[in-house]
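To keep things clear, I will list the structure first and then write my remarks on it.
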There are 2 protein chains.
Amino acid sequence: MEKNNITLSRFIKEKRKLANLTQPDLADKAGVGLRFVRDMEQGKATLKMDKVNQVLKLFGHELGPVAMNRKTLFHEES
Amino acid sequence: MEKNNITLSRFIKEKRKLANLTQPDLADKAGVGLRFVRDMEQGKATLKMDKVNQVLKLFGHELGPVAMNRKTLFHEES
DNA sequence: ATTTATTATACCTTAAAGGGTATAAATATA
DNA sequence: TATATTTATACCCTTTAAGGTATAATAAAT
């Protein structure tokens with residue numbers, strides 16, 4: 001699978017673990033399919049933004065443009 | 001059209017203007033269709049991440065998870 | 001006011017995302 | 001070790017994003 005956005009991938013996996021949720025749990029809560037959560041955590045590059053945002057919203061985040069350098073994101077102030 | 005991510009929409013429109021590019025110009029440079037650039041600038045919510053990233057890359061940015069509060073993004077340090 | 005350039009809408013086709021389900025693999029637990 | 005739990009992979013189906021093209025609507029310029 002063409003992968004990309006390891007940042008997003010790591011972010012969601014980390015947040016999910018911290019919340020003690022399984023992938024099915026997260027899928028339910030976010031209202032997306034299980035397959036989607038998996039694709040997301042594996043860094044699938046062609047995900048649709050709206051679906052990704054449904055998931056990110058659970059953790060108070062959303063997709064947005066970020067500068068490409070800072071390879072260590074999500075240490076913002078969460 | 002279901003719109004979302006006004007942030008992204010404004011970001012791309014702003015960057016394009018600053019670079020003195022027309023929508024067709026940007027589409028060419030990014031390797032995406034003209035229709036896509038337009039959907040993007042109009043805040044279409046269901047865009048695919050990889051295509052959006054192709055465009056953002058031209059401006060040194062990419063999609064990533066950002067905290068939902070800060071409604072005024074892209075004053076990072078660009 | 002009239003071109004000219006830029007942006008927005010509409011229709012059609014193709015490729016693929018997302019969901020469901022089933023199975024396999026991996027990880028954790030007893 | 002086995003056994004349960006969680007995660008990964010594979011298949012089919014439906015929906016739709018994205019591109020192309022054409023047309024309409026603005027905006028800019030002369």
Could you tell me how far apart B:E41 (CD) and C:dT6 (P) are, to the nearest whole angstrom? 14 Å
Are side-chain heavy atoms of A:Q42 and A:R38 found at a separation under 4.5 Å? yes
Side-chain contact test, heavy atoms from C-beta onward, threshold under 4.5 Å: evaluate it for A:F36 versus A:K44 and give yes or no. no
Separation of C:dT7 atom P from B:N20 atom CG, nearest Å, is 11 Å
Given atom CG of B:L47 and atom P of D:dA17, what is their separation to the nearest angstrom? 9 Å
Does the side chain of A:K51 get closer than 4.0 angstrom to OP1 or OP2 of C:dG19 through an N or O atom? yes
Nearest-nucleotide wise, let me know which of B:T46 and A:R16 is further upstream toward the 5' end of DNA chain D. A:R16
Taking the side chain as C-beta and beyond, is there a heavy-atom pair between B:M49 and A:T46 under 4.5 Å? no
I want to check something: taking the side chain as every heavy atom from C-beta on, are A:L56 and A:N53 in contact at a cut-off of under 4.5 Å? yes
Minimum side-chain heavy-atom gap B:L26-B:F59 below 4.5 Å: yes
Could you tell me whether B:R10 and B:E41 have a side-chain N and a carboxylate O separated by less than 4.0 Å? no
Residues at least two apart in sequence or cross-chain that pass salt bridge (Lys or Arg N to Asp or Glu O under 4.0 Å) with A:R35, listed by chain then number, are A:D39
I want to verify a distance call: between C:dA8, C:dG18, C:dA16, whose nearest atom is closest to the B:R38 side chain? C:dA8
Holding to side chain to side chain contact (heavy atoms under 4.5 Å, CB included), I want the full list of residues that pass it with B:K29, two or more places apart in sequence or in another chain. B:L21, B:L58
Taken to the nearest whole Å, NZ/A:K48 to P/D:dA17 is 5 Å
Within a strict 4.5 Å, meaning less than it, do heavy atoms of the B:V66 and A:L63 side chains meet? no
Does C:dT7 have OP1 or OP2 sitting under 4.0 Å from an N or O in the side chain of B:Q42? no
Of the residues in residues 22-34 of chain A, which ones touch DNA chain D at a heavy-atom distance under 4.0 Å? A:T22, A:Q23
Output the rounded distance in Å from NZ (A:K13) to C1' (D:dT7). 10 Å
Go through the structure and list residues passing side-chain hydrogen bond (donor to acceptor under 3.5 Å, both in side chains) with B:T22, not counting sequence neighbours. B:D25
Show each protein N/O and nucleotides 28-30 of chain C N/O combination with a separation under 3.5 Å, one pair to a line.
none

Whole angstrom value for the distance that separates P of C:dT14 from CZ of B:F36: 22 Å
side-chain N/O A:R35 vs C:dA22 OP1/OP2, d < 4.0 Å: no
With five pairs defining each end axis, the helix from C:dA1-D:dT30 to C:dA30-D:dT1 comes out bent, to 10°, by 60°
With the side chain counted from C-beta on, respond yes when A:E62 and A:K57 share a heavy-atom pair under 4.5 Å apart, and no when they do not. no
Is the shortest side-chain heavy-atom distance between A:V52 and A:M40 below 4.5 Å? yes
Phosphate contact (D:dA17 OP1 or OP2) by B:K44 side-chain N/O below 4.0 Å: yes
